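Here the structure is a predicted model, which means the values were calculated and not measured.
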Amino acid sequence: MVEIELDGQKVEVAEGCMVMHAAEKAGTYIPHFCYHKKLSIAANCRMCLVDVEKAPKPMPACATPVTQGMIVRTKSDKAIKAQQSVMEFLLINHPLDCPICDQGGECQLQDLAVGYGGSSSRYEEEKRVVPVKDVGPLISMQEMSRCIHCTRCVRFGQEVAGVMELGMIHRGEHSEITTVVGDTIDSELSGNMIDICPVGALTSKPFRYSARTWELSRRRSVSPHDSTGSNLIVQVKNHKVMRVVPLENEAVNECWIADRDRFSYESLNSDDRLTQPMLKQGGVWKQVDWQTALEYVANGLKNIKNDHGANSIGALVSPHSTVEELYLASALVRGIGSDNIDYRLRNAQFAAPEGIRWLGTSIASLSTLQRVLVVGSNLRKDHPLFAQRIRQAARHGGQVSAIAAVAYDWAMPVQSFVAQDASEWLHTLGGIAAAIAQEKGVAAPQGATAATEATQTIASSLLGGERKAVLLGNAAAHHAQATQLLALANWIGENTGASVGYLTEAANTVGAQFAGAHPVNGGLNAGQMLSGGLKAAVLLNTEPVYDSAAGASAAAALSGADMVVTMSPFKANMEFSDVLLPIAPFTETSGSFINAEGRLQSFHAVVRPLGDTRPAWKVLRVLANLLGVPGFDFEASQDVLARATNAAAGTVTQVPAAQLSNAVTAAVPATEAASAEPVVASIYQLDGLVRRSTSLQLTADARLAREGAAA
């Protein structure tokens, strides 16, 4: 450790740290633009100049290493004058367009200009103008004349997103940030460039000119998309979601969010929103009140139960629904006398799990892995923030290996990528196990196969290092040999010291297991229900045609049911549904999600429900009351959570370790369709929210997915 004196205060920091780090530790603010705690040091804005004793001139705090006994003054006349000179220089070419700038009110340059800028300018020449650039549907670069060349966006692309989509060309006052020959910015993390831009050069294209920052209320929430459980700040004006930005949580999403977390809010205000209950009568949809709709559903379910038995009724539920909604849906179905409920719509194998399948380690630990094997995942698109963490591990020397259907570009060094048909994955894992067994001189497990050069390379990698993980992706979870893949992965983990876990598909995949939203007493699984095994189906927040392995055939199967009830925020499943019940999306209801590491995060509604929309947990409660199911006397979602966790709401923040398990002890026969390609949603088709976000559907990823589906 090194001790320095900062503004008269003694500060101890690690050797190699910069003066800026010491100031952060001491709680002293030094003005800056180019410095960002998650990015490399560029030292090109010079705003952080400070007075270092015995130094002949002011030094940049972000790029000056501390030395024992160093004396630093951040508020001396020398430091202040240097900072004022830099500010005057930065403002020479900056346009005076604060009144129309989207960044106005939250602009770092604007804030610091108040303290360090002059009341008038000595510069009389014309200001420079930078050409307008169109870089895609998410980021606006219409006013690049505002750019101060901090290069945060360039460094973010290189270091965090892994793709250098922006760079600086020319020199001096002709310098400008641009893409290569008119390319678009297509990274799945690109929206973070908007957040880290300290001026109004990069702004949100969907949000542009729609509100002023001081008009917005800021409310906390949790992302309903992938299994990271990203913490969000949802910004609201007049009970309408206007913008979504990250809430920093170092253990979960750090200070980043994926583009689908940021821009999917557009769907909340789309024309496709369902705002009033609807019944299909004579093939024509008619709007009705809640009482009529719920009584129609309750009477229909009672009649079907009397005529065909309770086992003819089932529920297909989305793992993007909250813990409270999934718990009540499970309780309702079982209260009727059925066990037909499932969230595993895209699975091909439905073995009863021996515990709650989870990541097997903490999310934060992914950043420090030295060895990692990813099986059956397009990591970068399926889990952008997990990929970002593993990318940081690779940047620090970690070795990444992968087995997948395609040799995807993960924007990180991958030591060994085995690209092969999904039916070969088990064989390849068996080869890795055989190579490990040979190297360690132990008996190979059941399913081991002859090692190849590729499997030997992966095995050697996993046998090295200390912090390791074997991660099974969405395609591995949906695989017809999912349990066999997990069993071999567990053996590999045991014999290499690696943790083993699932990346898990949705925001609440772990929560769905925790809430019991799958058959436990011999009920029909999702595959059986989507094959026409039901007389009455309740669809909670899901569109089986897009969300299930059955695809288009799900519509034909469900059309054969006597009653299909869709509970959705959108006008969904109209082709085969008999009743549409408008339920609230995550912004209009309170609830909880459990992310891949088993972390339970609760949130409140940020806006009031649109039209006659109601929170799904309330709809399920009233429906249970009409059906005479006991135990549905909840007054708030917190009461439901307390029942689901067997503890006071707010006291459980993590699924008990005893319930989290990726163990496999019983042999499970492989499904016959072992050669079939697992069904995995593309990045902007994962759920109903992203499917209805106009801007996300205009991205290159969405376009490529549509072209692939058409082909």
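Judged by distance alone, with hydrogens and angles left aside, the side-chain atoms of Gln235 form no donor-acceptor pair with the main-chain N or O of Val245 at under 3.5 Å. Counting only distance, with no hydrogens or angles, the side chain of His478 and the backbone of Val679 share a donor-acceptor pair below 3.5 Å. Distance alone, capped at 3.5 Å, places no donor-acceptor pair between the Asn347 side chain and the Phe350 backbone. With hydrogens and angles disregarded, no donor-acceptor distance shorter than 3.5 Å links the side chain of Asp307 to the backbone of Ile304. Using a distance-only test at 3.5 Å, with no hydrogens or angles considered, no donor-acceptor pair links the side chain of Arg614 to the main chain of Ala584. Not one N or O on the side chain of Asn231 forms a donor-acceptor pair closer than 3.5 Å with the backbone of Asn249. One N or O on the side chain of Asp339 and one on the backbone of Val520 form a donor-acceptor pair closer than 3.5 Å. At distances below 3.5 Å, at least one donor-acceptor pair connects side-chain atoms of Asp261 with backbone N or O atoms of Ala258. Between the side chain of Arg599 and the backbone N or O of Gln654 there is no donor-acceptor pair closer than 3.5 Å. Judged by distance alone, the side chain of Asp639 and the main-chain N or O of Glu635 form a donor-acceptor pair under 3.5 Å.
For Ser682, the side-chain contact (heavy atoms from CB on, under 4.5 Å) test picks out Gln685, Ala705, with sequence neighbours left out. Listed by chain and number, the residues in a salt bridge (Lys or Arg N to Asp or Glu O under 4.0 Å) with Glu505 are Arg346 (sequence neighbours excluded).
The shortest distance between side-chain heavy atoms of Leu216 and Lys237 falls below 4.5 Å. You'll find the side chain of Phe634 reaches within 4.5 Å of the side chain of Leu328, heavy atoms only. In this structure, the side chains of Asn192 and Ile257 come closer than 4.5 Å at one or more pairs of heavy atoms. Pro569 has its side chain within reach of Arg273: a pair of non-hydrogen atoms, C-beta onward, lies under 4.5 Å apart. Counting heavy atoms from C-beta on, the side chains of Phe603 and Ser590 never come closer than 4.5 Å. In this structure the side chain of Asn378 never reaches within 4.5 angstrom of the side chain of Val680, judged on heavy atoms. The side-chain heavy atoms of Pro582 and Trp290, taken from C-beta on, include a pair separated by under 4.5 Å. Counting heavy atoms from C-beta outward, Arg344 and Pro519 have side chains that approach closer than 4.5 Å.
The CD atom of Glu324 sits 11.5 Å away from atom CG of Leu620, with the distance rounded to the nearest 0.5 Å. Here CG of Leu138 is found 5.5 Å from CG of Asp259. Values are rounded to the nearest 0.5 Å. Between the CG atom in Asp701 and the OG1 atom in Thr699 there is a gap of 5.5 Å [rounded to 0.5 Å]. Atoms CD1 and CD1, on Ile139 and Ile185 in that order, are 4.0 Å from each other to the nearest 0.5 Å. Atom OG1 of Thr587 and atom NE2 of His604 lie 14.5 Å apart (nearest 0.5 Å). Between the OG1 atom of Thr653 and the CG atom of Leu600 there is a distance of 7.5 Å, given to the nearest 0.5 Å.
A salt bridge is absent between Arg608 and Glu588: the closest approach of a Lys/Arg side-chain nitrogen to an acidic carboxylate oxygen does not fall below 4.0 angstrom. With salt bridges taken as basic N to acidic carboxylate O contacts below 4.0 Å, none links Arg212 and Asp102. The existence of a salt bridge linking Glu106 and Arg243 is confirmed by a sub-4.0 Å separation between a basic side-chain nitrogen and an acidic carboxylate oxygen. The pair Lys205-Asp134 meets the salt-bridge criterion, with a side-chain N (NZ, NE, NH1 or NH2) lying under 4.0 Å from an Asp/Glu carboxylate O. A salt bridge does not link Arg260 with Asp687: none of the charged nitrogens is closer than 4.0 Å to a carboxylate oxygen.
Looking only at atom types and distance, the side chain of His518 has no donor-acceptor partner in the side chain of Asn525 under 3.5 Å away. For Ser270 and Asp272, the side-chain atoms include no donor-acceptor pair closer than 3.5 Å. Inspection of the Asp186 and Thr184 side chains reveals an N or O donor paired with an N or O acceptor under 3.5 Å. For the 3.5 Å distance criterion, the side chains of Ser227 and Thr509 fail to qualify, holding no donor opposite an acceptor. Judged purely by distance below 3.5 Å, without hydrogens or angles, the side chains of Thr213 and Arg218 pair a donor atom with an acceptor atom. No side-chain donor-acceptor contact under 3.5 Å links Ser223 and Ser230. Between the side chains of His225 and Ser264, at least one donor-acceptor pair of N or O atoms lies under 3.5 Å. There is a side-chain donor-acceptor pair under 3.5 Å between Thr566 and Asn573. One side chain, Gln388 or Glu254, offers a donor N or O that lies under 3.5 Å from an acceptor on the other.
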Verdict with reasoning, Thr589 to Trp617, per side-chain contact (heavy atoms from CB on, under 4.5 Å): CA-CA 9 Å; Thr589 183; Trp617 72 267; 3.9 Å; yes
Can you check side-chain contact (heavy atoms from CB on, under 4.5 Å) on Glu597 and Ile363, steps first, answer last? CA-CA 6 Å; Glu597 66 179 356; Ile363 290 174; 3.7 Å; yes
Take Leu294 and Val619, measure what side-chain contact (heavy atoms from CB on, under 4.5 Å) needs, and give me the verdict at the end. CA-CA 8 Å; Leu294 289 173; Val619 177; 4.0 Å; yes
side-chain contact (heavy atoms from CB on, under 4.5 Å) between Tyr296 and Leu279, intermediate numbers included: CA-CA 9 Å; Tyr296 180 88; Leu279 296 180; 3.7 Å; yes
Carefully, step by step, assess Asp547 and Thr542 under the rule side-chain hydrogen bond (donor to acceptor under 3.5 Å, both in side chains). CA-CA 7 Å; Asp547 294 336; Thr542 185; 3.1 Å; yes
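In terms of heavy atoms, Ser330 sits closest to Gly516 at OG-O, 3.3 Å. Between Gly511 and Leu326, the shortest heavy-atom distance links the atoms C-CD1, 4.5 Å. Here the closest non-hydrogen pair linking Ser592 and Leu641 is OG-CD2, 3.5 Å. The heavy-atom pair separating Val564 from Ala561 by the smallest distance is CG2-CB, 3.9 Å. Val222 approaches Gly229 most closely through the heavy-atom pair CG1-O, 3.8 Å. The two residues Lys240 and Val607 have their closest heavy-atom pair at N-CG1, 3.9 Å.
Classification of the Phe386-His383 ring pair by plane angle, with boundaries at 30° and 60°, yields parallel.
Annotation: cation-pi pair Arg692/Phe570 present, NZ/CZ under 6.0 Å from the ring centroid and within 45° of its normal.
For Phe586 and Phe593, the distance between ring centers is not under 6.0 angstrom.
Surrounding NZ of Lys302 are more than 12 heavy atoms belonging to other residues, nucleotides or ligands, all under 6.0 Å away. For CG of Asp271, the number of neighbouring non-hydrogen atoms (other residues, nucleotides, ligands) closer than 6.0 Å is 12 at most.
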